[in-house]
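Heads up, the thing below is written out as C-alpha cells.
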Amino acid sequence: MELFRKRRWKVAGSNERIPFFTCARPGRSLSSTGPVPDAIVHKWVKGQPGPNTTIVSLLGKKPTNEMSEFSFYSFHGQLDTNTRRKPSWQAWLDKHHKDRNIHVVEHPTIDFQPIPAAKLARIAEDITRLLAERTIVLVDSGGQTRTGTVCAHLSLTEDTRS
C-alpha cells in the first residue's frame with residue numbers, strides 16, 4: 001500500500017479512537033522530486049482507510065522555486081487535451097475512484113514554511129466539522145512537518161495502538 005508515513009491520531013489524554021490519519025503525498029516513498037505515475041496514485045487511493053474519506057491536502061508550493069507540489073501528477077499539472085484545463089485532484093478521483101466517495105479539501109501551504117495562524121484556524125475548523133461525518137486523511141509532502149503542526153494545533157497525539 002503506498003501510504004508513506006501513515007499515522008493514526010487521537011485526542012490528547014483520551015483513549016477514544018477518532019477517524020483521523022496523516023500521511024505523505026502519493027508517491028513520496030519513491031522520490032521527493034520525481035514524477036508519480038497514476039498507477040502509484042491508484043495504490044495510494046486504494047490504501048486509504050476506507051470509503052467516505054476526506055483528504056485534507058496541505059500541498060501547495062516548494063519554497064525555493066515556488067514549484068507546485070502537484071507538478072508530480074497528471075492532475076493539477078498537465079493539460080487535459082479535451083478541455084484544455086488542468087484537472088483537479090478531486091476531478092481525477094471522481095473519474096477513477098468515484099465508488100470510494102473520496103472528497104478533497106485543499107488548503108495550499110508552502111513546504112518547510114510555518115502555516116499562517118488564520119489558515120491554521122481554517123484548517124482546524126474544516127477538520128473538526130468533517131470528523132463528525134467522515135474519515136479524515138491529512139496530507140503534506142512528507143507526512144510530518146505541516147501535518148504535525150495541524151495535529152499539535154488540534155491537541156492530537158499519535159495513536160500507537162495497532
Side-chain angles (χ1 to χ4, degrees), residues 1-77 88-90 92-93 96-97 100-116 119-120 122-124 126-128 130-131 134-162:
M1 296 294 168
E2 175 33 45
L3 289 179
F4 187 55
R5 294 188 178 134
K6 179 183 174 190
R7 297 162 64 190
R8 187 173 190 154
W9 297 80
K10 64 181 183 170
V11 176
S14 169
N15 283 324
E16 180 184 350
R17 288 208 153 168
I18 59 173
F20 184 83
F21 301 83
T22 58
C23 70
R25 66 172 175 78
R28 180 60 173 81
S29 65
L30 304 174
S31 171
S32 63
T33 59
V36 178
D38 279 357
I40 297 298
V41 183
H42 290 299
K43 286 182 182 178
W44 188 89
V45 170
K46 290 175 183 172
Q48 291 301 318
N52 302 318
T53 294
T54 294
I55 298 166
V56 177
S57 170
L58 303 178
L59 298 177
K61 293 183 179 184
K62 295 289 185 185
T64 52
N65 57 9
E66 295 196 13
M67 178 182 85
S68 170
E69 291 183 291
F70 286 103
S71 64
F72 305 109
Y73 306 105
S74 65
F75 47 87
H76 270 292
S88 68
W89 193 358
Q90 184 67 61
W92 187 92
L93 285 165
H96 298 286
H97 298 280
R100 294 189 57 87
N101 191 26
I102 296 174
H103 298 162
V104 177
V105 175
E106 295 188 35
H107 287 281
T109 58
I110 300 172
D111 200 10
F112 299 113
Q113 300 291 319
I115 301 171
K119 180 169 276 204
L120 187 57
R122 285 191 304 276
I123 295 166
D126 276 352
I127 289 170
T128 301
L130 291 164
L131 267 173
R134 302 179 62 84
T135 298
I136 305 298
V137 177
L138 181 65
V139 176
D140 72 12
S141 183
Q144 296 185 112
T145 306
R146 290 172 282 173
T147 57
T149 297
V150 173
C151 290
H153 182 79
L154 289 166
S155 298
L156 301 177
T157 59
E158 187 172 359
D159 185 350
T160 57
R161 297 173 288 177
S162 57

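Since the model is a prediction, treat every value here as computed from it, not as a measurement. Sequence positions, counted from 1, serve as the residue numbers for this chain.
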Inset, instruction - Please say whether more than 12 non-hydrogen atoms of neighbouring residues, nucleotides or ligands are located less than 6.0 Å from NZ in Lys6. - result: yes

Legend entry - Check: Asn101 and His103 side chains under 4.5 Å, non-hydrogen atoms: yes

Legend entry - Gln90 side chain to Ile102 backbone, donor-acceptor under 3.5 Å: yes

Inset, instruction - Check step by step if side-chain contact (heavy atoms from CB on, under 4.5 Å) holds for Thr54 and Asp126. - result: CA-CA 10 Å; Thr54 294; Asp126 276 352; over 6 Å; no

Inset, instruction - Show your working on side-chain contact (heavy atoms from CB on, under 4.5 Å) between Asp159 and Arg17 and close with a plain yes or no. - result: CA-CA 8 Å; Asp159 185 350; Arg17 288 208 153 168; 3.2 Å; yes

Inset, instruction - Taking Arg134 for its side chain and Thr53 for its backbone only, find out whether a donor-acceptor pair lies under 3.5 Å. - result: yes

Inset, instruction - Work out which heavy atom in Ala24 is nearest to a heavy atom in Ser141; give both atom names and the distance. - result: CB-O, 3.5 Å

Inset, instruction - For Ile18 and Trp9, work out which heavy atoms get closest and say how close. - result: CG1-O, 3.2 Å

Legend entry - Heavy-atom pair of closest approach, residues Gly60 and Arg146: N-NH1, 4.2 Å

Inset, instruction - Give a yes or no on whether the backbone of Gly142 and the side-chain of Arg5 come within a donor-acceptor separation of less than 3.5 Å. - result: yes

Inset, instruction - Flag the pair Phe20 / Cys151 as yes when at least one side-chain heavy-atom distance between them is below 4.5 Å, and no otherwise. - result: yes

Legend entry - Side-chain heavy-atom pair Val139, Cys23 within 4.5 angstrom cut-off: yes

Inset, instruction - Over 60° means perpendicular and under 30° means parallel, so classify the ring planes of Trp92 and His97, tilted if in between. - result: tilted

Legend entry - Side chain Arg122, main chain His107, donor-acceptor under 3.5 Å: no

Inset, instruction - Check for a donor-acceptor pair, side chain of Arg28 on one end and backbone N or O of Gly143 on the other, with a separation under 3.5 Å. - result: no

Inset, instruction - Could you tell me the separation between the CD1 atom of Ile110 and the CD1 atom of Ile115, rounded to the nearest 0.5 Å? - result: 10.5 Å

Inset, instruction - Report the residues that fulfil salt bridge (charged side-chain N to carboxylate O under 4.0 Å, His left out) with Glu106, sequence neighbours left out, ordered by chain and then residue number. - result: none

Legend entry - Residue pair Ser57 / Phe70: nearest heavy atoms and the distance that separates them: OG-CZ, 4.0 Å

Inset, instruction - Please identify each residue that fulfils salt bridge (charged side-chain N to carboxylate O under 4.0 Å, His left out) with Asp38, with sequence neighbours left out. - result: none

Legend entry - Donor-acceptor pair, side chain of Arg25 and main chain of Phe4, under 3.5 angstrom: no

Legend entry - Side-chain (Lys119) to main-chain (Pro108) donor-acceptor, under 3.5 angstrom: yes

Inset, instruction - Please tell me if the side chains of Ile136 and Pro19 come closer than 4.5 Å, counting only heavy atoms from C-beta onward. - result: no

Legend entry - Inter-residue atom distance Leu120.CG - Leu154.CG, 0.5 Å rounding: 7.5 Å

Inset, instruction - For Tyr73 and Pro26, indicate whether the former's side chain and the latter's backbone hold a donor-acceptor pair under 3.5 Å. - result: yes

Inset, instruction - To the nearest 0.5 angstrom, please state how far the CD1 atom of Ile55 sits from the OG1 atom of Thr135. - result: 11.5 Å

Legend entry - Interatomic spacing from CZ in Arg161 to NZ in Lys10 - rounded to 0.5 Å: 5.5 Å

Legend entry - Shortest non-hydrogen separation from Pro35 to Pro37 and the atoms involved: O-CD, 3.7 Å

Inset, instruction - Determine, step by step, whether Leu93 and Val45 satisfy the side-chain contact (heavy atoms from CB on, under 4.5 Å) criterion, reporting the C-alpha distance in whole Å, the side-chain angles of both residues, the deciding distance to 0.1 Å, and the verdict. - result: CA-CA 8 Å; Leu93 285 165; Val45 170; 3.5 Å; yes

Inset, instruction - Spell out, as yes or no, whether a donor-acceptor pair under 3.5 Å connects the side chain of Thr147 to the backbone of Leu138. - result: no

Inset, instruction - State yes or no: are the ring centers of Trp89 and Trp44 separated by less than 6.0 Å? - result: yes

Legend entry - Nearest-0.5 Å distance, OG1 of residue Thr149 to CG of residue Leu58: 9.0 Å

Legend entry - Sidechain N-carboxylate O distance under 4.0 Å for Lys62, Glu69: yes

Inset, instruction - Could you tell me the separation between the CG atom of Asp140 and the OG1 atom of Thr109, rounded to the nearest 0.5 Å? - result: 7.0 Å

